[in-house]
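I have placed the structure first, in the form of structure tokens, so that the comments after it can refer back to it.
The basis for the numbers below is simple: all heavy atoms, side chains too, and nothing from hydrogens, waters or symmetry mates. Not measured: the values here are computed from a predicted model.
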Amino acid sequence: MADSGVIDGPGRKDEIERAKSEGKDLTKEEKQRLRKEKKQQKKIKEKKDDKASQENEKEKKPVTSAAPASQPPTQPTVQKAPSAVPATAPVSVPASEASVPADKPTKTKAELKAERRARQEAERASKQSKKGETGQQAATSKPKAPPSDLQPVVKRLPEHIQVDNPDVLKKLAKKLERQQTPEHYAAKKIPLRSDYGYKVSLFSHLHQYSRKAPLTQQLSIPSTVIHPAIVRLGLQYSHGIVAGSNARSVALLHAFKQVIRDYTTPQNEELSRDLVNKLKPYISFLNQCRPLSASMGNAIKYIKKEISNIPSNCKEDEAKNKLLNCIESYINEKIILAGVAIAKCAIEKQKISDGDVILVYGCSSLVNHILCKAFEKSRKFRVIVVDSRPRLEGKEALRRLVQKGISCTYVLISAVSYILPEVSKVFLGAHALLANGYVMSRVGTSQIALVAKAFNVPVLVCCETYKFCDRVQTDSFVSNELDDPDDLIVTRKGTTPLEGWENESSLGLLNLVYDVTPPDFVDLVITELGMIPCTSVPVVLRVKNVDQ
Amino acid sequence: MELQAVLMAAGGGSRMTDLTYNTPKAMLPVGNKPLMWYPLNLLEKVGFEEVIVITTKEVQKAMSTDLKIKDVKMKLDVVSIQEDGDMGTADALRHIQPKIKTDILVLSCDLITDVALHEVVDLFRAHNATMAMLMSKAHEFTETVPGQKGKKKTAEQRDFVGVDQSGKRLLFMANEADLEDGLSIRKSIMRKHPRMLIKTGLVDAHLYCLKKAVVDFLTENKSISSIRGELVPYLVRKQFSKTVNSQKLKDDTDDQTQEKNDGPANHELLISSRDEPLLQLAQERSCWNDHRGDMSEAYHGGKLRCYVHIMDQGLCCRVNTLAAYIEVNRLAPKLFEEPSVHPSADISERCQMGSDSIIGASCHIADKTSIKRSTIGNSTTVKEKVKVTNSIIMHGVTIEEGCNIQGSVICSNAVIGRGADLKYCLVGNGQHIEPEAERTNEIIVGTDQLMEI
């Protein structure tokens, strides 16, 4: 077949080109032959290109140095760049080799298209060959699969999980510089917070900051670049004074209200565009103090949308009032009333019944609210609070529940399998609900869900819909938050065993904040829209997007 | 704007009258820079752009001619007050109340420190505190002070400072002078903070971050005249007083009825901003508490909080005594990397100069002189064969040949006669020491100064 293809080269080619120009579909054999010929052409072209590239190397050096050299996708472009210049020469060479000299001056559009297609396929083939996928070579000869399926889909990774890539860090520094707010005397930039300590290799792609090196060290003291309310908020985030998904969102919206109140539109600018630009450096600052949570991200998206929807003929005071009201109503609807609705739902649908023993983990504001409301409605139940180091948030949950009069038991997470036979239900709070049904929550939640599943205890997750996010994650490594490793150091009886941990080269401290629970372990999610299974999260997101 | 800086430069230097009877304290040279340049430099380094300087007319005049102060890039808003000395620091704040629009950072002109100012201000911001201050571990002064007869007196009345377990929250502050029989601590403090550390060896740096509401409170309450002596202990006490902790005063009507009863107290409460309910909401939902072990919420529900940052490393010195002045002259030049010899000084080649000496501008140092561990001010003339060791020589001084000066302080425009031998002396302004004089451990001042006491 192949031999005949070569021998019949010119004749066949004419037929094929005629067929193309007539718009008929090529037969399988014709397609196969076409591809083989193009492969040959490509090999010949490559030889020519190597010679040409050596000549043109000096010219093309600035072109190639501009693009990051390490990425494979650029190599075909490198090949293409020199190939573009002596384009006519190599193209004409295989044409001449195929001994169809008459084709040169009379190249139809279809022929040019075919050549371009041939070049693309050749590059694709070379890329795949470099990736070592030998199977693909066979596939190129198969006429069945359309070309687009062969190309591997290269997805872009978000920047915040590429901390170990120096290029990304440089980009981030540049981005912060560009985001400087131009004041009238000097343009000051948002400082870049540097990582601290040795990072465990599995998590080296994430940031790890130290609480003793706050970002305010690099800011001027009467902070002019960043609004004082935002500086205060950033400090409160990094010190952990405002912690918990709902608290952080509310505090963020409160700070944004102050920013909007103090904002004045400069000359020749529109409020809808300028205010969004003003908020960008603040958000970068807050992100560096502590990585943004999913709820905060959704709140910011909402505010930005509201700001950009302000009509340009609106007066400044009116616009500001409108925005302040929007923020108030967002907090009221999505956080406060949602909490009330969830509590009502949980209590009325008998999710908390008399005689229940409910297990909670850590301090979730929503779960505490539900339990307090249930107690007010005179349900008889008792609570087991499970806690874990280093945050020991369970102590705060314990305090709030006992203050109300609920009888509680307190254990550490190491005792969970001991205490679970007593438990009738597990209530968990969530930091975010991911689009594939996974629940992102405080580290340790997935453990509790796992053990509860093993004991056949129902696990209920309580979460407002504004915490639903589009992200998809199946493990806790890809995207997480690393807290200050010095929090793990404890002093007992005057000795601190881990004191000089930075000096030990083989010792790394890891203080994870979040983990991901698969939907198999979660029986029900209680939201203000009702009780939904974990897998309905994308439906809710879709409906929300349609609404907006 | 977040913070306004206020520099108190009207102090008279009552504890070192020998130095200050002619030169105001704010303009005393330390390492050849006027004393008030140091806090101004601290503020400038940190990023302040404007400072309100409260001072006397004399200092204001001196400031306008001083080169170093002209070098300061910030905008100095100088407010001059009467020099009669009756005005305390709090009175001065009351005087400038119309200029104050935001929270303030109050500094004293005699503070020389290299503290990282963000530590103090971060406490103020993060905890929404009413007051944040700076304190430092006191260091013993090792240099011999001229004019001191016999052993050094024991330190002045001590301060008792009580902090909580974290070392940041200020619970108790009292001066030894105010405590007659013993230290008494209120039960309310012990109930809320069962563990309290009481420290005595601390120096108050007189650097305070105060909320605007406190300045407003001062305007109402005219009986408080000193920040350090009265306002700070008052605020620290008020943290735990009952009226502040009651949370019923939310309605305006309640405020009005109560105002007649505890007038000043309400102003502390009115620190709240317009969005108090939202802040409360955030605090309720946050799983953070500043203490553990009891049933109350974060900060025990108190709205008034005082914080302190205690420095244990670095320089922090208040120049209000002669010993401090001498100590600081040793240490302050190390804070900056300026050349020790001013370029315009004329030093002959056969002069032996130690590396830790500082020579000011337009000096003339003749041959065969030896200058060790000393500071020599501007426009000073030192003739031949003079030995200067461990001394501070201010501006415009003339030292004739063959003198031997050791461990002394020579004030401006003095003339030391030929062959004089001074050990551990303090020579006042414009004094003439006769030739061949031999003085040890004396304070030589003019007769007119003696009258001033």
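- When each of N246(A), N368(A), V250(A) is scored by its heavy-atom pairs under 4.5 Å with chain B, the top score falls to V250(A).
- Pairs of residues two or more places apart, or lying in two chains, that qualify as ring-ring contact (aromatic ring centres under 6.0 Å, His included) and include a residue from residues 209-246 of chain A are H207(A)-Y209(A).
- The distance from the CD1 atom of I335(A) to the CG atom of L281(B) is 7.5 Å, given to the nearest 0.5 Å.
- Only the backbone of E284(B) comes within contact range of chain A, judged by heavy atoms closer than 4.5 Å.
- Listed in order of number, the residues of residues 397-406 of chain A that approach chain B to under 4.5 Å between heavy atoms are R399(A), R400(A), V402(A), Q403(A).
- The most heavy-atom pairs under 4.5 Å with chain B, out of V242(A), L235(A), I241(A), come from I241(A).
- Remark: M190(B) pairs with I185(B), M196(B) by the side chain to side chain contact (heavy atoms under 4.5 Å, CB included) rule, at least two apart or across chains.
- Between the OG atom of S220(A) and the CG atom of L117(B) there is a distance of 11.5 Å, given to the nearest 0.5 Å.
- Contacts between D290(B) and chain A at a heavy-atom distance below 4.5 Å are absent for every atom of the residue.
- Of the residues considered (L43(B), D122(B), D294(B), N289(B)), D122(B) shows the highest number of contacts with chain A, using heavy-atom pairs under 4.5 Å.
- Interface remark: V121(B) contributes side-chain atoms only to the contact with chain A (heavy atom separation under 4.5 Å).
- Annotation: maximal heavy-atom pairing with chain B below 4.5 Å, among A247(A), S365(A), P222(A), G244(A), occurs at P222(A).
- Interface remark: L253(A) contributes no atoms to any contact with chain B (heavy atom separation under 4.5 Å).
- When G240(A), G234(A), A251(A) are compared by the number of non-hydrogen pairs under 4.5 Å with chain B, G240(A) comes out ahead.
- In this structure, the side chain of Q236(A) engages the main chain of A126(B) through a donor-acceptor pair within 3.5 Å.
- Residues of residues 101-109 of chain B lying under 4.5 angstrom from chain A, judged on non-hydrogen atoms, do not exist here.
- You'll find the side chain of H118(B) stays beyond 4.5 Å of the side chain of L219(A), heavy atoms only.
- Of the possible polar contacts, one joining the E2(B) side chain to the S223(A) backbone as a donor-acceptor pair under 3.5 Å is found.
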Derivation of the side chain to side chain contact (heavy atoms under 4.5 Å, CB included) call for F48(B) and I221(A) = CA-CA 7 Å; F48(B) 275 93; I221(A) 288 229; 4.1 Å; yes
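- Residues R285(B) and I336(A) share a closest heavy-atom pair of NH2-CA, 4.4 Å.
- Of the possible polar contacts, one joining the S286(B) side chain to the A243(A) backbone as a donor-acceptor pair under 3.5 Å is found.
- Between the CZ atom of F124(B) and the CZ atom of R232(A) there is a distance of 7.5 Å, given to the nearest 0.5 Å.
- In this structure, SG in C287(B) is found 4.0 Å from CD in E393(A), a value given to the nearest 0.5 Å.
- For Q217(A), the parts lying near chain B are the backbone and the side chain together; criterion is any non-hydrogen pair under 4.5 Å.
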